[in-house]
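Just so it is clear, the values below take in all heavy atoms, side chains as well, and ignore hydrogens, waters and symmetry mates. As the structure lists them, so they are numbered: ligands from 1, and atoms in each ligand from 1.
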Amino acid sequence: MGLQIHVDRESCTGHAQCLVHGPDVFVLDDEGFNCAADQEIAPAYEAQATAGAHACPEQAIKLTTDPTDTP
Ligand code: F3S
């Protein structure tokens with residue numbers, strides 16, 4: 001099981017730091033909120049996913065490698 005991401009839409013306030021640090025992982029909607037779907041990240045993009053998650057001031061991006069960990 002690889003790295004999974006989950007974006008808490010309630011916590012996202014549109015800082016866009018996720019996109020700056022993870023341009024190939026995260027997607028913003030028309031209003032600037034992170035709308036990346038829950039997904040497993042390919043190994044080549046794990047560094048971007050991690051950097052983007054850590055860069056979010058609202059800590060709206062959860063990372064897990066545990067499939068039983070439902071956010
Ligand atoms: Fe939202 Fe955090 Fe990105 S607030 S737009 S998930 S940096």
Side-chain angles (χ1 to χ4, degrees):
M1 178 62 70
L3 187 71
Q4 314 264 325
I5 62 167
H6 169 79
V7 178
D8 178 1
R9 311 263 166 98
E10 299 286 314
S11 297
C12 174
T13 56
H15 287 285
Q17 291 304 304
C18 51
L19 189 66
V20 171
H21 295 273
D24 298 321
V25 174
F26 298 105
V27 186
L28 303 188
D29 65 17
D30 290 345
E31 297 180 328
F33 297 108
N34 193 331
C35 61
D38 289 359
Q39 62 190 283
E40 184 168 341
I41 301 300
Y45 296 107
E46 286 185 359
Q48 280 199 33
T50 302
H54 289 171
C56 176
E58 306 297 337
Q59 301 180 330
I61 303 164
K62 307 302 179 202
L63 303 174
T64 182
T65 54
D66 181 354
T68 63
D69 181 13
T70 47

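Residues Tyr45 and Ile61 share a hydrophobic cluster, clusters being chains of Ile/Leu/Val/Met/Phe/Trp/Tyr side chains in contact below 4.5 Å. Cluster annotation: Phe33 is not connected to Leu19 through the hydrophobic network of ILVMFWY side chains, with a link wherever side-chain heavy atoms come within less than 4.5 Å.
Taking a cut-off of under 4.0 Å to the non-hydrogen atoms of Ala16, the atoms of ligand 1 that pass are 3 (Fe), 5 (S), 7 (S).
At least one N/O/S atom of Cys12, from backbone or side chain, sits under 2.8 Å from atom 1 (Fe) of ligand 1.
When only non-hydrogen protein atoms are considered, atom 4 (S) of ligand 1 lies nearest to Thr13 N, 3.3 Å. The protein atom (non-hydrogen) at minimum distance from atom 2 (Fe) of ligand 1 is Cys56 SG, 2.3 Å.
The shortest side-chain heavy-atom distance between Gln39 and Ile5 falls under the 4.5 Å cut-off.
Considering all non-hydrogen atoms of both residues, Cys18 and Asn34 come closest at SG-ND2, 3.3 Å. Between Cys35 and Leu28 the shortest heavy-atom distance is SG-C, 3.7 Å.
For atom 7 (S) of ligand 1, the nearest non-hydrogen atom from the set Gly32, Gly14, Ala55, Cys18 comes from Cys18.
Only the side chain of Leu28 comes within contact range of ligand 1, with a heavy atom under 4.0 Å; no backbone atom does.
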